[in-house]
Amino acid sequence: MSLRKQRLIEKFKKVDNLEIIESPSDVKRLSKDFYNYSPILDKKLDGCIADLVVRPFDRDAVVKVAKICYEFSIPLTLRGAGTGNYGQSVPLFKGIVMQMNSLNKLEEYYPDTGFVKVQSGCLMGDLNKQLAKYGRELRLLPSTWKTATIGGFIAGGSGGIGSIRWGFLRDPGNLIGLEAVTLNEEPKLISFDAQEAEPLNHAYGTNGIITSLIIATDIKRKWYSLVIDCEELHKAIEILKTCAIAAIELKLGAILEKDIVDQMPIWFKSKSKNHKILIQSTLGGIKTIELICKKYEVSSSLLGEEDQLPNGISNVVWNHTTLHMRAKDKNWTYLQMLLPLNKEFELITSLRKKWGKEILWHLEAVCQQGIPRLAALPVLKWHSEKQLNQIIINCKELGAIIFNPHVLTVEGGGLGVVDSDQVKAKLKFDPKGLLNPGKLEGWEIKDEYDI
Ligand SMILES: Cc1cc2nc3c(=O)[nH]c(=O)nc-3n(C[C@H](O)[C@H](O)[C@H](O)COP(=O)(O)OP(=O)(O)OC[C@H]3O[C@@H](n4cnc5c(N)ncnc54)[C@H](O)[C@@H]3O)c2cc1C
């Protein structure tokens, strides 16, 4: 162990309410996320392991860790539960990983607005249980909601179950404010309102250490899950779009093409060989969905209340579809895109002609800036980076907007452009560029950092 590392550990040992994790196997485990869904990232990130992991139990400890990292000019990468798919919480330049999951309390519920103030390391599953006491629930959930943290979702996620109604995390009205610790010479805990919080929302923890968030919640409803069988994919798309614009409450609307259904866990597969449309709505809404099914002459089966099912349909949507495909064959990977409005089936048909069953289709109904749209998380058979890039080009030519899950930067996985407000926030709150270095394209990185 270098002298510098020994001095660093001595400093951390003096911080109250801070756990230091040095065991090589734990440090390795806590330096990884689910980047192996991408063969490209898998190759790039394999050797990226932190020097040390720390876990703070209160805000004071977070401030002290920030001060030490600034003093030693050591990279600091934040980790919630490490369920991200793009290596967001992987320390590219080693240094310290700080696991935030022990800052996990619901701090305040505001009955007048339905807002909740919660510490960033709270698991969304736990938060939803606590919100239920107030008759509320989270608006948006990743399919990993049982194990992922709310801070990691805001800093590294985008949307998921609930996006059919509430859009994406960065849409105005979802994040109301946050508190974050800066990485300056004298780190400070600062409160940000909704507008000031924007640059820290989906910034992969590159411009502030979020300690708590104020988020909007929804009235808790009983969501019922229903599966519709449909022989033709174009008809399934039409039905899903009809359901998405009906005057009913919806939590989820997705399509799995039949070749994907065949690969899902036994509890989900049925004897039918058809494409499946998956819907979550209230019992009132289900009545309307059943009428829509009658009109389109397709059959549906009501599975029951999602929360009461041993295996709900939330377990086979969003990136959980990819998870199950990969459980069968690790050569499946995926893409994420917004499909061109009213040309969804055209795009799928065109790609099928060119790539056949190398691409299998999984669609999700979302609300994009107030407009009902279809997103897709198709699964792809992995052959080479060249082929993946060609598929991306073909999708773009046909009008899709790609959110590439095979890249490391905030910008690469988003719209591909630098957000100057994110960079300005980094300049102000992390002038040495120590927070999660290498993840913000708009910030020039040092070649290496010493420990
Ligand atoms: C099977 C599967 C399904 C998924 N489905 C979805 C989905 O439907 N929607 C979706 O959006 N994502 C999805 N994901 C990705 C991921 O699970 C979610 O985005 C999740 O919310 C991340 O939370 P986490 O606690 O695991 O964050 P982590 O992976 O630990 O961190 C994510 C990012 O946030 C940063 N971060 C963590 N805590 C803080 C903090 N306190 N302050 C500042 N930055 C911080 C990290 O540095 C990292 O850059 C899925 C992943 C898998 C493997």
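Note: hydrogens, waters and symmetry copies are ignored here, and every other heavy atom, side chains too, is used. Ligands are counted one by one from 1 in listed order, and the atoms in each one are counted from 1 as well. Note that the structure is predicted; figures quoted are calculated from it, not measured.
- Of the heavy atoms in Asp33, none comes closer than 4.0 Å to ligand 1.
- Listed by number with element, the atoms of ligand 1 under 4.0 angstrom from any heavy atom of Gly80 are 25 (O), 28 (P), 30 (O), 37 (C), 38 (N).
- Of all protein heavy atoms, the one closest to atom 22 (C) of ligand 1 is Thr83 OG1, 3.4 Å.
- Looking at atom 9 (N) of ligand 1, its nearest protein heavy atom turns out to be Gly159 O, 2.6 Å.
- Closest protein heavy atom to atom 14 (N) of ligand 1: Asn85 OD1, 3.7 Å.
- When Pro142, Ser158, Gly87 are ranked by how near their heavy atoms come to atom 11 (O) of ligand 1, first place goes to Ser158.
- At least one side-chain heavy atom of Phe12 sits under 4.5 Å from a side-chain heavy atom of Ile96.
- Counting atoms of ligand 1 from 1 in the listed order, those under 4.0 Å from a heavy atom of Asn436 are 47 (O), 49 (O).
- Ligand-side atoms of ligand 1 in range of Met124: 21 (O), range being under 4.0 angstrom from any heavy atom.
- Cation-pi contact between Arg326 and Tyr37: present, with separation from the ring centre below 6.0 Å and deviation from the ring axis of at most 45°.
- In terms of protein heavy-atom proximity, atom 32 (C) of ligand 1 is closest to Gly152 O, 3.6 Å.
- The shortest N or O to N or O distance between His320 and ligand 1 is not below 3.5 Å.
- Of all protein heavy atoms, the one closest to atom 48 (C) of ligand 1 is Gln88 CB, 3.4 Å.
- Remark: ligand 1 atoms within the under-4.0 Å shell around heavy atoms of Gly157 are 11 (O), 19 (O).
- Of the protein's heavy atoms, Thr144 CG2, 3.4 Å lies nearest to atom 2 (C) of ligand 1.
- Scanning Ala148, Ser314, Ala81 for the heavy atom closest to atom 23 (O) of ligand 1 points to Ala148.
- The part of Met100 lying near ligand 1 is the side chain, judged by heavy-atom distances below 4.0 Å.
- Using modelled atom types and a 3.5 Å distance limit, the side chains of Asn85 and Asn319 yield a donor-acceptor pair.
- For ligand 1, the atoms closer than 4.0 angstrom to any heavy atom of Tyr37 are 1 (C), 53 (C).
- The shortest non-hydrogen separation linking Gln280 to Ser225 is CG-OG, 3.4 Å.
- Between the side chains of Glu306 and Ser314, a donor-acceptor pair is found at a separation under 3.5 Å.
- At a 3.5 angstrom cut-off on N or O pairs, Ile210 counts as close to ligand 1.
- The shortest N/O to N/O separation between Arg79 and ligand 1 does not fall below 3.5 Å.
- Residue Lys146 qualifies as open at atom NZ: its count of foreign heavy atoms under 6.0 Å is 12 or below.
- Partners of Ser281 by side-chain hydrogen bond (donor to acceptor under 3.5 Å, both in side chains), not counting sequence neighbours: none found.
- Considering backbone and side-chain atoms together, Gly84 places an N or O closer than 3.5 Å to an N or O of ligand 1.
- For ligand 1, the polar-atom distance check finds an N/O of Gly82 within less than 3.5 Å of one of the ligand's N/O atoms.
- With a 4.5 Å cut-off on side-chain heavy atoms, Glu179 and Arg59 count as touching.
- Residues Lys426 and Thr206 have side chains that never bring a donor and an acceptor to within less than 3.5 angstrom of each other.
- Residue-to-ligand polar distances keep Leu141 apart from ligand 1: every N/O pair is separated by 3.5 Å or more.
- Counting atoms of ligand 1 from 1 in the listed order, those under 4.0 Å from a heavy atom of Ala155 are 34 (O), 35 (C), 36 (N), 44 (N), 45 (C).
- Looking only at heavy atoms of the protein, atom 25 (O) of ligand 1 is closest to Thr149 OG1, 2.7 Å.
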ask   = Is there a salt bridge (charged side-chain N to carboxylate O under 4.0 Å, His left out) between Lys381 and Asp329 once you walk through the steps?
value = CA-CA 9 Å; Lys381 260 280 150 72; Asp329 180 352; 3.3 Å; yes
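- Interface atoms of ligand 1 facing Ser120, defined by a heavy-atom separation under 4.0 Å, are 41 (N).
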Evaluation steps, side-chain contact (heavy atoms from CB on, under 4.5 Å), between Lys220 and Asp307: CA-CA 12 Å; Lys220 183 169 168 53; Asp307 281 356; 3.5 Å; yes
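- Salt bridge Asp171/Arg139: absent, no basic N to carboxylate O contact under 4.0 Å.
- Contact check on Lys44 versus Glu385 returns no salt bridge, with no Lys/Arg side-chain nitrogen under 4.0 Å from an Asp/Glu carboxylate oxygen.
- Taking the six-membered ring for Trp, Phe168 and Phe403 have ring centres at least 6.0 Å apart.
- Heavy-atom contacts of Gly208 reach the following atoms of ligand 1: 43 (C) (cutoff under 4.0 Å).
- Ranking protein heavy atoms by distance to atom 46 (C) of ligand 1, first place goes to Leu78 O, 3.1 Å.
- Remark: Glu19 engages Arg55 in a salt bridge, criterion side-chain N to carboxylate O under 4.0 Å.
- At a heavy-atom cutoff of 4.0 Å, ligand 1 is contacted by the side chain of Trp318 but not by its backbone.
- Salt-bridge formation is not detected for the pair Asp33/Arg79: no Lys NZ or Arg NE/NH1/NH2 atom is positioned less than 4.0 Å from an Asp or Glu carboxylate oxygen.
- Annotation: Ser143 places an N or O atom under 3.5 Å from an N or O atom of ligand 1; distance criterion only.
- The aromatic rings of Tyr134 and Tyr109 lie parallel to each other, with less than 30° between the two planes, well short of the 60° mark.
- With a heavy-atom cut-off of 4.0 Å, Phe153 touches ligand 1 through backbone and side chain alike.
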